[in-house]
Amino acid sequence: METAKKRMLTGNKAMAEAIAQEMENDQNVFVLGEDIGKYGGIFGSTQGLIEKFGPERVLDTPISETAFIGAAIGSAAEGMRPIAELMFVDFFGVCMDQIYNHMAKIPYMSGGNVRLPMVLMTAVGGGYSDAAQHSQTLYATFAHMPGMKVVAPSTPYDLKGMMTSAIRDDNPVVFMFHKSLQGLGWMDQLDYAVGHVPEESYTVPLDKANVMREGKDVTIVGIQMMTHYAMEAAERLAADGIEAEVIDLRSLAPIDKDTIIKSVKKTHRLVVVDEDYRSYGMTAEVAAIVSEEALYELEAPIKRLAIPDVPIPYSHVLEDFVLPGPDKIVEAVKQMMDEA
Amino acid sequence: METAKKRMLTGNKAMAEAIAQEMENDQNVFVLGEDIGKYGGIFGSTQGLIEKFGPERVLDTPISETAFIGAAIGSAAEGMRPIAELMFVDFFGVCMDQIYNHMAKIPYMSGGNVRLPMVLMTAVGGGYSDAAQHSQTLYATFAHMPGMKVVAPSTPYDLKGMMTSAIRDDNPVVFMFHKSLQGLGWMDQLDYAVGHVPEESYTVPLDKANVMREGKDVTIVGIQMMTHYAMEAAERLAADGIEAEVIDLRSLAPIDKDTIIKSVKKTHRLVVVDEDYRSYGMTAEVAAIVSEEALYELEAPIKRLAIPDVPIPYSHVLEDFVLPGPDKIVEAVKQMMDEA
Amino acid sequence: MFEEKQPAVSVDKLTWMYEQMVKIRYYEDQMVEAYTEGKSPVFNIGEGPVPGEMHLATGQEPAAAGMMVHLTKDDTVTAPHRPHHHAIAKGVDLKKMTAEIFGKESGLGKGKGGHMHLFDPEVKFSCGGIVAAGIPHAVGAAMANKMKGKDWVAVAFIGEGAANAGAFHESLNLAALWNLPLIVVVEDNSYGISVPKTASTSVESNDLRASAYGVAGAYVKDNDPIAMYKASEEAVNRARNGQGPTIIEIQTYRFLGHFQGDPELYRDKDEVPGLRARDPIMKLRQQLADAEKMSEQELEEIETRAKKEVDEAYQFARDSDYPKPEAALNDVFTS
Amino acid sequence: MFEEKQPAVSVDKLTWMYEQMVKIRYYEDQMVEAYTEGKSPVFNIGEGPVPGEMHLATGQEPAAAGMMVHLTKDDTVTAPHRPHHHAIAKGVDLKKMTAEIFGKESGLGKGKGGHMHLFDPEVKFSCGGIVAAGIPHAVGAAMANKMKGKDWVAVAFIGEGAANAGAFHESLNLAALWNLPLIVVVEDNSYGISVPKTASTSVESNDLRASAYGVAGAYVKDNDPIAMYKASEEAVNRARNGQGPTIIEIQTYRFLGHFQGDPELYRDKDEVPGLRARDPIMKLRQQLADAEKMSEQELEEIETRAKKEVDEAYQFARDSDYPKPEAALNDVFTS
Ligand SMILES: Cc1ncc(C[n+]2csc(CCOP(=O)(O)OP(=O)(O)O)c2C)c(N)n1
Ligand SMILES: Cc1ncc(C[n+]2csc(CCOP(=O)(O)OP(=O)(O)O)c2C)c(N)n1
Ligand SMILES: [Mg+2]
Ligand SMILES: [Mg+2]
């Protein structure tokens, strides 16, 4: 079978396929959110579902995130397995109470007597001039608060496999998908938004980072778009004889410490790249883990690349300036190698 | 005058005094929130204000945090200088959109043409069995997102001085006060909740950490309750011949890197203590700053003490287990000294 | 218009309600005592066998009893920060509930939740400390019931203060739109902490807000158990028959402070004695004695039974062990 | 009851409205063009001189013109993600606004805000990309006006979809309670993105929700500019006279997609042509010609003037420079 032509899907189709397969498997799975019915989700995550499963299991909601995410929680407590879509992660503030004080805490506060098998999926990311209220990732905002698994897959393969895992998980999972990696016709056409996706159902674990590229000179930890940029940077660095190891974090909570530490023990250098705000963000957590657990392995100060603590500006010249990208990664690594 | 008897105030009275003085100075300053009128604020932050300034400038609101915090923003845009109280920081999720997408971003999105001179004050902290929805600090949740100054004073002196600074600041300031440091009659009576507070108006900067105790062996960075616990720990360590330098961070955003780095350069060891969740929290940011800027100064891996990524449990045996305190700090420092 | 003659409420139902109300009252009275232990001579909220905030429902029994008499364990109830009366009338395991409030391992949440966070999935009861946040959960339960093709209903209890929170509006619109078996009971005890209803609510009563969603509204005056019974019966029937949501507002009485330790400087000293004079339990007892011809002995038997159950629950709670400290790390996730 | 004879609207006012509407329409038409630049043959939202989402108000002009004709620059307006018509009618600096949308240094926000985030404090205008979030800001402005003892009013424009968000409820309750000079205008263009009003809203129209707050409500049918004028006049007078808030719902038409690039698969192909046939601009033009005896030449003069202003604004925007990249780091705080 290895010779068969690989089945290629866009990110959004991979996600929607996972949802469809789980809806077929389990009558309790249903989806609700804004414009997820006929429209198929603004970022295509529910494309084709209403046609297959009807409006009883694919529910367009009013613009009432507190009510419908809260309703998802209430239904999950009664044995349903809802998938709620928060259209943009940027809207979290109108419903964070339901997400954080309830979805994430009820299992714990009930001493494990109430389980909330639900998925909150949401679109993250910028780079297309959607400005300060529609371009954030807010990775750390979610990952900081215990009680939710928080994942952010980077490839169509992982989008499908991790969505399947998320739906089957008996815990609340925040599933962040990156707009630019959905492979939508109206966005920048990126190669990495299309990839091999087997038709049959499969799972990818929710707690394992992925070593996307092996290398011996420096470890670059990224997530979602930043992983792909790190890969681009790694190719360019290889041309200069620097072999970077690229880790796709995939999961923010729990974070896969072992894979990070193992890599740093090999490369002795660490660059962390994040599309979230810099302070109190993912780059801080990764740096802190290493400074606690592998301090003596480091042969150079850790470098953090992230949004420099400003809201995301609209104008593309400004947005380009604040977003990390391959150039900045290459530069950071080279600087680090020079310093050593 | 140095010989005069020091004027001692509780934390809440210090705060309320700052507000009263600024209300006297500036007609545009007003206060709104739940139970801040006759009740004087659940944690006493507005005690005596309605008696002095009347219900036109001290407004009890309905339980409508989105509306009244949003209204504070709208009034600030028109030149008022509102102080809005979010009763417990734990309730942020019902109004975070106003706080984060608007209060924090409008100044930036408007290119500086709209200024929002406002204070959002809120009570933080646990330790008295108020359980998962009423005991958080959420320091990093606020500090992670740019556009707000985020401060968390630890002494009556700072509560007054930093409140005065916050009210006079033309930027949005999130002012976190710790319930246990208000000196309320119905809470644990802590010595550090009472302190010297001059009657006349004064300011304390919003961006400077405070070295509470000098030492040469280890730096302990804390904030609010954790600073006081660090001081207790330092006293005990001193008895064993270990001289800890204790830094009260005071401000989370902006964070005073210089004071931290300077101290680490002196002590070469760092313990960070936080009453917030561990992952993606303040301990991570401080560790990351040091691992970027003073890596070679460290003679031992950094240690982080914080809530171990669980919601705050109710039962006091459980809560005690998750909250950092003097014992745990002493233990961490001793372990660190032994390892070296 | 003529007054429709209402069918009389059966003695059984009234007796059940009376027993619940007595049980609730006695439970709360005991809690006042337990809560005070370890907090005198100096009140310290963190001390004693029952630390933390404590919101009691003394005086508010009719709302719980008058609604719950129509529900089974398949119907869902969500309650707010003041949840004991609802929990008791819904049939929550009283021992485990009390143990939870005492922070014990044998509690509903193994000591992790406490008084504001009681979860008993056996009888589909939950509550929480965030104002109005339970309404969406009830919407979700109602949705699940509909999806499963069951005639189970979901009832969200809130205070009158909570009706001004956004979650109220969003939830009622959603439930009305989807014609869900949801009932929202607004307990108007005149205050949200210290803020009187006139300073929080732009209309007289929240049943008037029913028209904003095209749902039914009902108002129960004077904390009357029998009127609450009737309004609830109609609402529950409506919901079970697929005729959509109802908002019920009941005028009720808060005999105690917002929480224990509340200095209550915001209300008149005469107010509570006035309310206590109209005690709904005394009223129902009188009605049972007068109209239903229940003997003093029968009434006392009910009272004794109710109190015994409560006493046993407190005893169970006191006898139970505290959790092991390390247990704090469990139950974040299930594997 | 008898029909009260309404005073006729003055020609001046109608002419002003007509000019605004023409200007808005032409502005949006030009924006369709500008937005498309750089996005063909392959549509890529991030490309061209105007990248990002683009929500246009073509067809919705009456709401803006009919309200703004009663306002001065001291009155506050908050608008949602679809803000151009409000901004233009409120008198926002058209050059700076357009430069902002083109991401230029000379823009209202120095290129930091973009089309959904236009702030012009000179005329007290703001907007934002979060549904319903502007209502509380208008409440705050109304509060400030009252505190300052001014008779200025604040108007929040929202879509019909936004009326189901919690912020709507909280804001109206607060404004009613405090008797603030607030007006909420709900523009019902039948959709929230793809979701029709019948799938989002449990009542026919949002003016019906006025009774939930004890405020006034008004409904404007068929996107009628003159009816909007009258409803707005009453509401503004009420607010200025300290008689409290009003909710106005206007039935309006969305001629274009939710945003540019919307495939609009959720609505009938015939729908838009049907709406366009009832174009409010054509209607008002006809009314001006018929009832007010305005000549074709006079009308064309207005049109020419409006278009010239728009053309100049676009030219200004195109001629302006992009900000320096490092400017991204400024304006988070002022010192
Ligand atoms: C979102 C939110 N805001 C504020 C609070 C603080 N709080 C707890 S109870 C309460 C008053 C509630 O009043 P009401 O709804 O009338 O219920 P009652 O206490 O009278 O039973 C307030 C303001 C909270 N828990 N949640
Ligand atoms: C809180 C929030 N939820 C969702 C969105 C995404 N969104 C943007 S516009 C829109 C539809 C708004 O509909 P309506 O209020 O009717 O305004 P219209 O677009 O029709 O002018 C939605 C759902 C948002 N911006 N904010
Ligand atoms: Mg109340
Ligand atoms: Mg609409």
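A quick note: this is a predicted structure, and the numbers were derived from the prediction, not measured. Chain naming here is simple, since letters A, B, ... match the order of the sequence lines and numbering starts at 1 in each.
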**Request:** Check each atom of C/Lys324 against the heavy atoms of chain B and say whether the ones under 4.5 Å are side chain, backbone, both or neither.
**Result:** backbone
**Message:** If you count every heavy atom of other residues, nucleotides or ligands that lies below 6.0 Å from C/Lys197 atom NZ, does the total exceed 12?
**Reply:** yes
**Asked** For C/Glu122, does the CD atom sit with more than 12 other heavy atoms under 6.0 Å from it, leaving out its own atoms?
**Response** no
**Any donor-acceptor N/O pair, B/Ser315 side chain to C/Gly103 backbone, under 3.5 Å** = yes
**Request:** Using a cut-off of 6.0 Å, state whether more than 12 heavy atoms not belonging to B/Lys303 lie near its atom NZ.
**Result:** yes
**Fill in**
Heavy atoms of B/Tyr314 and C/Phe102 approach each other most closely as CE2-C, 4.4 Å
**Request:** Could you look at C/Lys110 and say if it's the side chain, the backbone, both or neither that has a heavy atom under 4.5 Å from chain B?
**Result:** backbone
**Prompt:** Any side-chain heavy atom of B/Val317 sitting closer than 4.5 Å to one from C/Pro323?
**Reply:** yes
**Asked** Do C/Asn44 and B/Gln189 come within less than 4.5 Å of each other through their side chains, counting heavy atoms only?
**Response** no
**Message:** Below 30° counts as parallel, above 60° as perpendicular, anything between as tilted: where do the rings of B/Tyr39 and C/Phe259 land?
**Reply:** perpendicular
**Rounded distance [0.5 Å steps], NE2 in C/His258 versus CD1 in B/Ile42** = 6.5 Å
**Request:** Answer with side chain, backbone, both or neither: which region of C/Ala162 has an atom nearer than 4.5 Å to a non-hydrogen atom of chain B?
**Result:** backbone
**Asked** Can you tell me how far the OG atom of C/Ser200 sits from the CG atom of B/Asp60, to the nearest 0.5 Å?
**Response** 10.0 Å
**Request:** Pick whichever of B/Gly37, B/Gly126, B/Gly127, B/Ser64 has the most heavy-atom pairs under 4.5 Å with chain C.
**Result:** B/Ser64
**Item:** Atom CD of C/Glu204 with >12 non-hydrogen neighbours under 6.0 angstrom
**Value:** no
**Message:** Any non-hydrogen side-chain atom of B/Gln133 less than 4.5 Å from a side-chain atom of C/His81?
**Reply:** no
**Message:** Taking every non-hydrogen pair under 4.5 Å, which of B/Lys38, B/Glu34, B/Met187, B/His316 racks up the most with chain C?
**Reply:** B/Met187
**Asked** Is it the backbone or the side chain of B/Thr66 that comes under 4.5 Å from a heavy atom of chain C, or both, or neither?
**Response** neither
**B/Leu184 versus chain C, the contacting section by heavy-atom distance below 4.5 Å** = neither
**Message:** Return the CD1 to NE2 distance between C/Ile130 and B/His134, rounded to the nearest 0.5 Å.
**Reply:** 5.5 Å
**Prompt:** Which bit of C/Val332 comes within less than 4.5 Å of chain B, counting heavy atoms only: side chain, backbone, both or neither?
**Reply:** side chain
**C/Tyr266 and B/Asp35, any side-chain heavy atoms less than 4.5 Å apart** = no
**Message:** For a 4.5 angstrom cut-off between non-hydrogen side-chain atoms, does B/Asp320 reach C/Pro325?
**Reply:** no
**Prompt:** If you count heavy-atom pairs under 4.5 Å with chain B, which of C/Gly109, C/Gly114, C/Gly46 comes out on top?
**Reply:** C/Gly114
**Message:** Rounded to the nearest 0.5 Å, what separates atom CG in B/Asp130 from atom CE in C/Met116?
**Reply:** 4.5 Å
**Request:** Could you tell me which portion of C/Glu326 (side chain, backbone, both or neither) has an atom closer than 4.5 angstrom to a non-hydrogen atom of chain B?
**Result:** both
**Request:** Would you name the heavy atoms of B/Val310 and C/Ala328 that are closest together and state the gap between them?
**Result:** CG1-O, 3.7 Å
**Item:** Spacing of CE belonging to C/Met54 relative to OG belonging to B/Ser129, to within rounding of 0.5 Å
**Value:** 10.5 Å
**Prompt:** Does C/Lys112 reach the side chain of B/Leu318, with side-chain heavy atoms less than 4.5 Å apart?
**Reply:** yes
**Asked** Picking from C/Asn330, C/Leu265, C/Val42, C/Val195, which has the most non-hydrogen pairs under 4.5 angstrom with chain B?
**Response** C/Val195
**Message:** Within a 6.0 Å radius of atom CG on C/Asp268, are there more than 12 heavy atoms belonging to other residues, nucleotides or ligands?
**Reply:** yes
